[in-house]
Amino acid sequence: MKVVIGLSGGVDSSVAAWLLKEKGYDVIALFMKNWHDSTGVLKGDCPWDEDVLFAEMVAKKLKIPFHTVDLSEPYRKRVVDYMFDEYKKGRTPNPDVLCNREVKFDLFVEEAMKLGAEKVATGHYSRIEETKINGNTIYRLLSGKDQNKDQSYFLCQLSQEQLSKAMFPIGEIDKPEVRMIAGREGLATATRKDSQGICFVGKVDLPVFLQQKLSARKGSIVEIPVEHKKWNVFPEGIPNTELSDEQLKILSSPYRYDPVDGFNVGEHNGAHFFTIGQRKGLNIGGKPEPLFVIHVDVETNTLYVGQGHEHPGLNRKGLFIPWGEDHWIRRDRKMKSGEDAEMLVRIRYRQALQVARLYARKDGIFIIFKDLQRGITPGQFAAWYDKEEVIGSGVISE
RNA sequence: GAUUCAGUAGCUCAGCUGGUAGAGCACAUCCCUUUUAAGGAUGGGGUCCUCGGUUCGAGACCGAGCUGAAUCA
């Protein structure tokens, strides 16, 4: 069987390619160029030129054909523009989840098919399991065997169609083993540092990067005192199934603030450059405890902050995802209005799975957590799991 | 105008009965991390308002001045 491996120039995809070859697949390497602008990229090492070299070296070593494809234009349209758009709205996007859904497992797969591939493999720490349920083939997306490196979160927006063509060879092994194999097989990427930052763009100074499209505009920073507001008192533990829409709304809604709720403590260069839970960059000292962003209001260009890790404005019980923003990898398990289910949920990469209950209602899905969650941020993805399987995900609306 | 209190790192302050300064926050760097954050580690920084005096030695004691705050009238 012909398989295209997306070689990135990193160690993970290199070992994935080796594993495929070992298993006897007819492997073709395809390197994808997605970005060649280094504006705002730290250390100037827009590294793709170096990445190609490494990818090519690995391909040569494995004696597999090597191709490249330039997808930078669609990447810009489908991922980067979305980023700017979201930040402009005061939300915090996750470009890498989009990159997977829109580019790697879409356009890149199309390119791979042109090369005659049946499947496309990547170096993700995740697993796919094909099963039959009621006579239908279902592809289950599972967490990687290496729980520490599990990257299933980044794949939480993939569809059954996309999964049906995907392979994750290193999902069955852990990172130390990947390094070991790369070293043993003499792959050039064996000791190469793991990539970080937005995939393909690199590690960026976000405010600088965003200023390409979003202008700086001074606004005020308002501190909301811990004792000022009438905070909700949330019930301990996981709520029961008998909650009214009204109760769910209270449990999941963010607090609304007004400048008169607090006092002015400083000035910022643009509320849209900040995200909820952020501590660094506020440039306000003199407080016994650190300040964290608890709300971003781009309408009035006001940043609301709270003092201390335990500030009530920073820790919430739930969140809301409207219908249309939800996505089900397991289509057969899509919830209908009126249903509820206990799930494990994470709201950011590498967060330990959190116990929560999902409530499907008329307008969308409410997720109420067992424990308070720090920094629930609109624009980010919540992904829900049943044990090690990703069931679905959605964009946090508020 | 008088009285009292205050003036120490970017900010808020601590420095016991005198021996050439510290904490939190902020900031920087590094680590962690294929998102945003958070988190961890390390670090840079101070004519201790000014001038004079006492003392072997003053941020600390005394005097004068400057600045700010409160109270009194």
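By convention in this document, chain letters (A, B, ...) are assigned in the order of the sequence lines, proteins followed by strands, and residues within each chain are numbered from 1.
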**Prompt:** Is it the case that more than 12 heavy atoms not belonging to A:Lys89 sit under 6.0 Å from its NZ atom?
**Reply:** yes

**Request:** Sort out the partner of B:A28 for me: Watson-Crick or G-U wobble, both distances under 3.5 Å, none otherwise.
**Result:** B:U42

**Message:** Using the ring-ring contact (aromatic ring centres under 6.0 Å, His included) criterion, which residues pair with A:Trp323? Sequence neighbours excluded.
**Reply:** none

**Message:** Which nucleotide wins on minimum distance to the side chain of A:Phe292, given the candidates B:U36, B:G39, B:U34?
**Reply:** B:G39

**Fill in**
Residues in residues 161-179 of chain A with a heavy atom under 4.0 Å of RNA chain B, by number, are none

**Request:** Can you tell me the distance, in whole Å, between the CD atom of A:Gln351 and the C1' atom of B:U36?
**Result:** 13 Å

**Message:** Whether the A:His268 and A:Asn301 side chains hold a donor-acceptor pair (N or O, under 3.5 Å, no angle test) is what I'd like checked.
**Reply:** yes

**Prompt:** Looking at B:A38, B:U35, B:U34, which one has an atom nearest to any side-chain atom of A:Asn100?
**Reply:** B:U34

Tabulate protein N/O versus nucleotide N/O from nucleotides 5-11 of chain B, keeping only pairs under 3.5 Å, one per line.
| residue | atom | partner | partner atom | Å |
| --- | --- | --- | --- | --- |
| B:C11 | O2 | A:Gly286 | N | 2.8 |

**Asked** Near A:Lys60 NZ, under 6.0 Å, is it more than 12 heavy atoms from other residues, nucleotides or ligands?
**Response** no

**Item:** Closest-nucleotide ordering on RNA chain B, the 5'-leading residue of A:Tyr349 and A:Pro288
**Value:** A:Pro288

**Prompt:** Would one find more than 12 heavy atoms of other residues, nucleotides or ligands at under 6.0 Å from atom NZ of A:Lys370?
**Reply:** no

**Asked** Of all the choices, B:U36, B:C25, B:U35, which nucleotide is nearest to the side chain of A:Asp96 once you look at every atom?
**Response** B:U35

**Request:** Could you tell me whether A:His309 contacts a base, only the sugar-phosphate backbone, or nothing, with contacts defined as non-hydrogen atoms closer than 4.0 Å?
**Result:** sugar-phosphate

**Item:** Test side chain to side chain contact (heavy atoms under 4.5 Å, CB included) applied to A:Ser152 and A:Arg346, step by step
**Value:** CA-CA 11 Å; A:Ser152 57; A:Arg346 63 164 52 106; 4.2 Å; yes

**Prompt:** With the 4.5 Å side-chain cut-off for hydrophobic clustering, are A:Ile365 and A:Ile347 part of the same group?
**Reply:** yes

**Message:** Could you tell me if A:Arg76 sits above the aromatic ring of A:Tyr82, with its cationic atom closer than 6.0 Å to the ring centre and no more than 45 degrees from the axis?
**Reply:** no

**Request:** Could you check which nucleotide pairs with B:U36 in any of the strands shown, counting Watson-Crick or G-U wobble with both distances under 3.5 Å?
**Result:** none

**Separation of the P atoms in B:U8 and B:G68, to the nearest angstrom** = 14 Å

**Asked** Do A:Lys175 and A:Asn148 get their side chains close enough for a donor-acceptor pair, meaning under 3.5 Å?
**Response** no

**Asked** For the base of B:U35, is there a side-chain donor-acceptor partner from A:Gln380 under 3.5 Å away?
**Response** yes

**Request:** Run through A:Thr68, A:Leu115, A:Ile5, A:Leu7 and flag the one making a side chain to side chain contact (heavy atoms under 4.5 Å, CB included) with A:Leu30.
**Result:** A:Leu115

**Criterion ring pair (Phe, Tyr, Trp, His ring centres under 6.0 Å) against A:His311, the qualifying member of A:Phe292, A:Tyr255, A:Trp231, A:Tyr304** = A:Trp231

**Item:** Pair assignment for B:C13, Watson-Crick or G-U wobble, requiring both distances under 3.5 Å
**Value:** B:G22

**Prompt:** What parts of residues 142-153 of chain A reach RNA chain B, counting only heavy atoms under 4.0 Å away?
**Reply:** A:Lys149, A:Gln151

**B:C51: pairing nucleotide in any strand, Watson-Crick or G-U under 3.5 angstrom** = B:G63

**Prompt:** Can you name the one residue among A:Glu223, A:Glu289, A:Lys287 that meets side chain to side chain donor-acceptor pair (under 3.5 Å) with A:Gln307?
**Reply:** A:Glu223

**Asked** How many Å lie between CE on A:Met83 and P on B:U34, as a whole number?
**Response** 17 Å

**Fill in**
As its Watson-Crick or G-U partner within any shown strand, both distances under 3.5 Å, B:U4 has B:A69

**Prompt:** Between A:Arg350 and A:Tyr153, is NZ or CZ placed under 6.0 angstrom from the six-membered ring centre and within 45° of the ring axis?
**Reply:** no

**Asked** Counting any heavy atom closer than 4.0 Å, what does A:Leu282 reach on the DNA or RNA strands: base, sugar-phosphate only, or nothing?
**Response** sugar-phosphate

**Request:** For nucleotides 40-45 of chain B, just jot down a letter per nucleotide in 5' to 3' order: B, S or -, based on protein non-hydrogen atoms under 4.0 Å.
**Result:** ------

**Message:** Show me the pairs that pass salt bridge (charged side-chain N to carboxylate O under 4.0 Å, His left out) and involve residues 389-398 of chain A, at least two apart or across chains.
**Reply:** A:Arg140-A:Glu389, A:Arg256-A:Glu398, A:Arg330-A:Glu389

